[in-house]
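See structure below.
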Amino acid sequence: MINLLKKNCRISLFLLGCATSASAQDSAKFTWEAKLPKVDSTFFYRIPVTPALSAKAFRGGEWDIRIVGDAGEVPYLLERKYRVVSEGDFIAYATPKLESVPGKETVIVFEPKPQMSLKSFGLRYSNTDVEKTAVLTGSNDGVQWYAIRPEFLLSPSAAVPVKGKETIVEQTVNMPVSGYRYFKLVIDDSASAPLHFNCVGFRNKPQLVEEKIKAADVKLVLMDGKDRRTDRFLITLPTALPVREVTVPISQPAMYRRDVQLLSIENGAEQLLATAVLCSEDSVNVIGMGPNTVFDSLVLKVENGDNLPLVPGNAGIWQDAYMLITKLEPGNYTLRGGAAGMRAPKYDAEFFRFAYHEQVGRDLVPEAPVAIDRPQPVTEAAGVFTSRWWIWLGIIVVIGVLALVVRGLLRDMKKEKD
């Protein structure tokens, strides 16, 4: 009987633990998710952060996003997107030494001139659909060679067509900063015929600008005022969004130049965010702000003075463009976030930025995020077995059983005593 008592005590403690752990897990649950297209092959992918995703994921100045797959959470890099304004000129090195062993390998040895430290070079070859593996080494005397990069992929998906030469492609090969006099690229030809090599060289530093993405077009609503010498327009966003800049097209008058202020409304008071000049000579009227900050409404203050009031079109709401870079294996994946108490994740992927950027080449566009369904409170008519009330009912039953056991135990002890 004492063993039975111990057993029932253990059951009651287990049930109490279940109730506590269920409550703790609720607080750590994600509140939204965005599905990704099914992944059919192992690869490094780019996942753009869409405006709809940013509305859910940007919290407290941080990106609260996790990639969750069939096997659990997947690390990623969060990176700004850049647009190439000028690719820079390609300058070929002096004719390199080229050796080819049919069915085995192609060896390319080149000497950068002028001598400089390299962190990348451009390899041009005839267009192909064949992928090759290669190894890069360096030397100061052309005799003793030292490792620079382990085996990596030469892939058409990572190459770009050369302008004016549609049959030639160029692939940038990145590497740790190296100051060797000679470099040797060994390409494995054991599985297919060799590539038709064109030249090797370097490209002057390209000019890049940070990309921005339009999050919304919003109507400007004129607010009440004493007169039209100073106009205030209310900009109500469709939802709270991170904002980097606002564009304001003006339809009338044809010629204008006005000082403006962009304001936020906090606790009923206006706070200055940015100042700018709207001018008919500018192709686009842009009001720039600081780093992405979340707003659900803004106020545009326009100083008309004695001039005719401006007639604005819809304001463009723009935000910084970001992307996630990650390696995914075949399977199903979703983006998730919104769990209470969880902040932006930090992964070891930061230390492998070079490898991630070198191998990324495909895009996965997420669906719009949706709320994750949670079980609703169950009414009395629904029954206890469809809610957590069954746990408490079980605890009550166990306590009742224990009371009966103890009562019987005391009765037996009393009989033995008598």
Side-chain angles (χ1 to χ4, degrees), residues 48-52 54-55 58 61 79-89 163 203-266 269-323:
V49 178
T50 62
S54 72
F58 195 71
E79 297 285 272
R80 285 294 311 274
K81 294 181 70 175
Y82 293 89
R83 177 169 52 88
V84 178
V85 177
S86 173
E87 295 181 350
D89 297 326
K163 291 183 179 179
R203 186 174 290 280
N204 289 334
K205 189 175 181 179
Q207 296 181 7
L208 306 174
V209 296
E210 295 177 341
E211 265 193 44
K212 294 179 177 62
I213 183 172
K214 181 179 279 191
D217 277 312
V218 183
K219 184 178 180 180
L220 279 75
V221 178
L222 181 64
M223 303 171 69
D224 294 336
K226 294 181 180 179
D227 53 48
R228 298 300 301 273
R229 293 180 62 83
T230 299
D231 282 340
R232 279 181 168 81
F233 294 92
L234 179 63
I235 306 173
T236 303
L237 280 61
T239 186
L241 290 168
V243 182
R244 181 62 186 270
E245 66 183 32
V246 178
T247 55
V248 184
I250 303 298
S251 59
Q252 294 179 21
M255 301 176 69
Y256 59 88
R257 188 183 187 281
R258 309 290 165 83
D259 292 327
V260 300
Q261 294 180 344
L262 191 63
L263 311 166
S264 65
I265 304 175
E266 298 180 14
E270 294 179 348
Q271 301 290 330
L272 178 64
L273 299 174
T275 60
V277 174
L278 304 186
C279 183
S280 55
E281 293 184 352
D282 295 332
S283 57
V284 181
N285 289 315
V286 179
I287 306 172
M289 302 164 59
N292 278 348
T293 306
V294 176
F295 300 101
D296 56 11
S297 63
L298 298 165
V299 173
L300 179 65
K301 180 181 177 182
V302 182
E303 298 293 346
N304 294 316
D306 297 325
N307 300 292
L308 289 174
L310 299 180
V311 180
N314 289 345
I317 307 299
W318 295 78
Q319 56 188 214
D320 292 329
Y322 284 87
M323 61 180 174

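The figures here come from the full heavy-atom set of this structure, side chains too, leaving out hydrogens, waters and symmetry mates.
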Next item on the list: Write down the atom of L310, the atom of F233, and the distance for their closest heavy-atom approach.
Entry: O-CZ, 4.2 Å
Next item on the list: Sequence neighbours left out, what passes side-chain hydrogen bond (donor to acceptor under 3.5 Å, both in side chains) with E79? Give chain and number order.
Entry: R353, H357
Next item on the list: State which residues pass salt bridge (charged side-chain N to carboxylate O under 4.0 Å, His left out) with R244; sequence neighbours excluded, sorted by chain then number.
Entry: D320
Margin query: Restricting to salt bridge (charged side-chain N to carboxylate O under 4.0 Å, His left out), what partner residues turn up for K214, sequence neighbours left out?
Written below: D217
Note to self: Within the structure provided, determine whether I287 and L300 are in side-chain contact (heavy-atom separation under 4.5 Å).
What the structure shows: yes
Checklist line | Qualifying salt bridge (Lys or Arg N to Asp or Glu O under 4.0 Å) pairs with a residue from residues 273-298, counting only residues at least two apart or across chains | finding: none
Check: Quick one: side-chain hydrogen bond (donor to acceptor under 3.5 Å, both in side chains) partners of T247, sequence neighbours excluded?
Finding: W318
Margin query: Nearest 0.5 Å, please: how far is CD1 in I235 from OG in S297?
Written below: 9.0 Å
Next item on the list: Enter the distance from Y82:OH to E211:CD here, rounded to the nearest 0.5 Å.
Entry: 11.0 Å
Acceptor/donor pairs from residues 269-279 side chains to any protein atom, 3.5 angstrom cut, sequence neighbours excluded:
residue, atom, partner, partner atom, Å
E270, OE2, R232, NE, 3.3

Notebook entry, point to check: Taking the side chain as C-beta and beyond, is there a heavy-atom pair between D89 and R203 under 4.5 Å?
Noted result: no
Notebook entry, point to check: Does any pair with a residue in residues 247-258 pass salt bridge (Lys or Arg N to Asp or Glu O under 4.0 Å), and if so which ones, sequence neighbours excluded?
Noted result: none
Next item on the list: Report yes if the side chains of I317 and L237 come closer than 4.5 Å at any heavy-atom pair, otherwise no.
Entry: yes
Next item on the list: Please identify each residue that fulfils side-chain contact (heavy atoms from CB on, under 4.5 Å) with T236, with sequence neighbours left out.
Entry: L234
Check: Going through the checks in order, is the side-chain contact (heavy atoms from CB on, under 4.5 Å) test met by L298 and L262?
Finding: CA-CA 7 Å; L298 298 165; L262 191 63; 4.3 Å; yes
Item checked: salt bridge (charged side-chain N to carboxylate O under 4.0 Å, His left out) partners of D306, counting only residues at least two apart -> R229
Note to self: Using 0.5 Å steps for rounding, measure from the OG1 atom of T293 to the CD atom of Q319.
What the structure shows: 11.5 Å
Margin query: I'd like to check the salt bridge (charged side-chain N to carboxylate O under 4.0 Å, His left out) partners of R228; sequence neighbours left out, ordered by chain and number.
Written below: D231
Notebook entry, point to check: With sequence neighbours left out, what residues match T230 under side-chain hydrogen bond (donor to acceptor under 3.5 Å, both in side chains)?
Noted result: E303
Margin query: Measuring from atom CE of M223 to atom CG of L220, what distance do you get when rounded to the nearest 0.5 angstrom?
Written below: 11.5 Å
Item checked: Closest non-hydrogen atom pair, L241 against P51 -> CD2-O, 3.7 Å
Just list the side-chain donor-acceptor pairs under 3.5 Å for residues 249-256, sequence neighbours left out, or say none.
residue, atom, partner, partner atom, Å
S251, OG, V311, O, 3.0
Y256, OH, N285, ND2, 2.8

Notebook entry, point to check: How about K301 and V260: do any of their side-chain heavy atoms sit closer than 4.5 Å?
Noted result: no
